[in-house]
Structure formats: C-alpha cells, structure tokens
Amino acid sequence: LPAIADQGALSLLFILESIFVGALGKIPSSALTFGRKALSFSWVHTHGIASAALPLISQSIGAKNHRESEIYAANALFFGFIFSAALAVFGFIFAPQLLAAFGAKGLTLTQAIPYLRALCFTSISMSALWILRAIFKAAGDANKAMWISAASSLGTLLSMPPLVFGLGAIPKLGLTGAGISQFLGRAAGVGLGLFYLFFGKSEYISLAFKNLGLGTASIREIIVRGFPQSLQMLLSMGYELTTLVIISRFNDAAVASLGI
C-alpha cells in the first residue's frame, strides 16, 4: 500500500499542474507540453542513478555493511546533484533554442521559455526527490518514501493556485507560476527526505555530516549499474520528443492534448 500511495502522490503532481494550467487556455497548455518534453532529458541520468542506487544499497544492508550503504547513498545524491545542476544551467541558457527545435513558435514559444527555465531548476530538486525515494525503498522503508512524495504533492497543491491565478499580494504568474510551484513542491519533499536521512534515526540507513564519504569507486559503480536504465530512458524520451515534433506541425490544441 505505501508503494502504491507513493507513486500515486507523484502522479498527482502532474495531474494538478495539467488541471490548473488547462484553465488558462490552449496556448499555456501547449507551452506546458513543450516545457515538460524538453525537460525530459533530465530524467535520463536520474532514472539511472536511482535504479543503480536501489540494489547497491539493498545489497550492502543485506550484508550488514551499513557504512557501505551510507557511501552509496551519499554518492548517489552527490552525483545526481552535480549532473542535474549542470543540465539545469544548460537548459536555462539554451531554453529558446531547445523549444524551437521541438517545434514551439510564436506565443507558445514565448510562454514556454520562462516555464522551461523554472523547470530547469526544478529538475535539481526532482532528481534529489527520486534518489531519496530510492534510498528509503532500498532500506525497506516504503513509508518514508511515501511521505516524501506526499509532502511534495502537498507543497504543490498549496502553492500552485495562488502562483498560477494570483492571490492578494501574489501576482498572477500563469504558466511560469506552475513551474515555480513544482520547484517549491519538490523542494518540500526533498527537505523532508533529507531530514529523514540525517535526523530520522532509521534502523538501516542514515547519514551524518561528519561521516559523509565520497569515492570515485562507488560513483563508477553507480554509473556502470545505471547506464542500461539511462539508455532505456533515453530511447523512450527520444520517442516522445519525436512525437512532439510531429504533433507540433498541427496546432496548439493538438500539442496540448499530447501533454494531457
């Protein structure tokens, strides 16, 4: 049940965004689709790292080598952060070119650029969120993974309406507000996950700042183990982006429908 609730909470993030942005019209919805698909490249390394960290940490815990499991967890988070930060900078700088390459144009392109740039920094917290969930699943603690996802969904649910539509002193930011809300929501989940990891006193997995250890050997093993999963995700993203390029030749309504 916790695993089902965990995945359901994450799916809720995208559903909420589609609902709120959909109320703005077809052009913001079309821009939403372009932004999401253009950001999909950031899922490639995250999927690989999370897929590699889960069995490596599980095996270390099973062998009662808790120090090794801590090193794998710390390295997965560190490597994920570095890679995500690099991609975020790249995406922020080249957002107009990426979106235009996938077929965005006119007003849709204009609205998609700030949204994608907001998502680029969201991708850093998104990567950490997925890796933290994998760490706790590897430790057999699906409840903590579920609460991390729930905190992320709750943060998005509370922040998205005022940021998208405006509320009091908060200006109406539209699609860009949705991107900022996604960042805030995932940051809430990451904050809870890091609290669990450093202060939660888990029976099988926990980190202490004074004992953090980073090593090239463990990072190399994460890369080797995660590469097949990253390649699989890359092929899947290639299919989705190709579909987007084809659909973009029609109209904004068609692109918006693809995103839903």
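Residue numbers count from 1 along this sequence.
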Assigning hydrophobic clusters by single linkage (Ile, Leu, Val, Met, Phe, Trp, Tyr; side-chain heavy-atom cutoff under 4.5 Å), is L184 placed with V21? no

Looking only at heavy atoms, which two atoms of I222 and A76 are closest? And how far apart? CD1-N, 3.8 Å

Looking at Q232, is its backbone amide N or carbonyl O close enough to the side chain of S236 to form a donor-acceptor pair, meaning the two atoms are under 3.5 Å apart? no

Rounded distance [0.5 Å steps], CZ in R225 versus CG in L54: 11.0 Å

Is T122 close to L119 at the side-chain level, that is, under 4.5 Å between some pair of heavy atoms? yes

Donor-acceptor under 3.5 Å (S181 side chain, G177 main chain): no

Work out which heavy atom in G189 is nearest to a heavy atom in A151; give both atom names and the distance. CA-CB, 4.2 Å

Do you know which two heavy atoms are closest between S248 and F102, and how far apart they sit? OG-O, 3.5 Å

Test side-chain contact (heavy atoms from CB on, under 4.5 Å) applied to L77 and I135, step by step: CA-CA 9 Å; L77 285 169; I135 289 171; 4.1 Å; yes

Using the rule that two of Ile, Leu, Val, Met, Phe, Trp, Tyr join whenever any of their side-chain heavy atoms come within less than 4.5 Å, decide whether I180 and Y115 are in one cluster. no

Modelled atom types, side-chain donor and acceptor of R133 and S149, under 3.5 Å: yes

From CG (L87) to OG1 (T46), nearest 0.5 Å: 8.5 Å

Under the 3.5 angstrom rule, does the side chain of S127 hit a backbone N or O of I124 as a donor-acceptor pair? no

Determine whether V164 and L173 make a side-chain contact, defined as any pair of heavy atoms from C-beta on separated by less than 4.5 Å. no

M160 side chain reached by Q182 side chain, heavy atoms, under 4.5 Å: yes

On a heavy-atom basis, which atom in P161 and which in L157 lie closest, and how many Å separate them? CD-O, 3.1 Å

How about NZ on K105, more than 12 heavy atoms from neighbouring residues, nucleotides or ligands closer than 6.0 Å, or not? yes

Would you say V255 and N251 make side-chain contact, with heavy atoms under 4.5 Å? no

Given 3.5 Å as the limit, does a donor-acceptor pair link the side chain of S30 with the main chain of T108, or not? no

Which distance, rounded to the nearest 0.5 Å, do you find between the CE of M233 and the OG of S51? 7.5 Å

side-chain contact (heavy atoms from CB on, under 4.5 Å) between T156 and E17, intermediate numbers included: CA-CA 9 Å; T156 302; E17 188 177 41; over 6 Å; no

For the residue pair F83 and F79, does the interplanar ring angle fall in the parallel (under 30°), tilted (30 to 60°) or perpendicular (over 60°) class? perpendicular

I need the R117 CZ to L99 CG distance, nearest 0.5 Å. 9.5 Å

Path from L132 to F121 over hydrophobic side-chain contacts below 4.5 Å: yes

CG on L32 to CZ on F20, rounded to 0.5 Å: 13.0 Å

Same hydrophobic cluster for F78 and V224, using side-chain heavy-atom links shorter than 4.5 Å among ILVMFWY? no

Look at the side-chain heavy atoms of Ile, Leu, Val, Met, Phe, Trp and Tyr, link any pair under 4.5 Å apart, and say whether F183 and I15 land in one connected group. no

Look only at the side chain of T110 and the backbone of G106, and say whether a donor-acceptor pair between them is shorter than 3.5 Å. yes

Between G22 and S29, what is the shortest heavy-atom contact and its length? CA-OG, 3.4 Å

As a quick check of understanding, evaluate side-chain contact (heavy atoms from CB on, under 4.5 Å) for W147 and Y196, giving each step before the final call. CA-CA 10 Å; W147 287 116; Y196 281 149; 3.7 Å; yes

Taking R186 for its side chain and S125 for its backbone only, find out whether a donor-acceptor pair lies under 3.5 Å. no

Greater than 12 external heavy atoms within 6.0 Å of F165's CZ: yes

Can you tell me how far CZ of F136 sits from CG of D141, rounded to the nearest 0.5 angstrom? 7.0 Å

Show your reasoning for whether side chain to side chain donor-acceptor pair (under 3.5 Å) applies to S84 and H45. CA-CA 8 Å; S84 296; H45 77 281; 2.8 Å; yes

Test side-chain contact (heavy atoms from CB on, under 4.5 Å) on N65 and R67; report intermediate values, then the result. CA-CA 6 Å; N65 190 341; R67 178 57 182 156; 4.0 Å; yes

Short side-chain to backbone donor-acceptor contact, S123 and C120, under 3.5 Å: yes

Quick one: does any side-chain atom of S69 pair with a main-chain N or O of S60 as donor and acceptor, under 3.5 Å? no

Which atom pair, heavy atoms only, marks the closest approach of A145 to K137? CB-CG, 4.1 Å

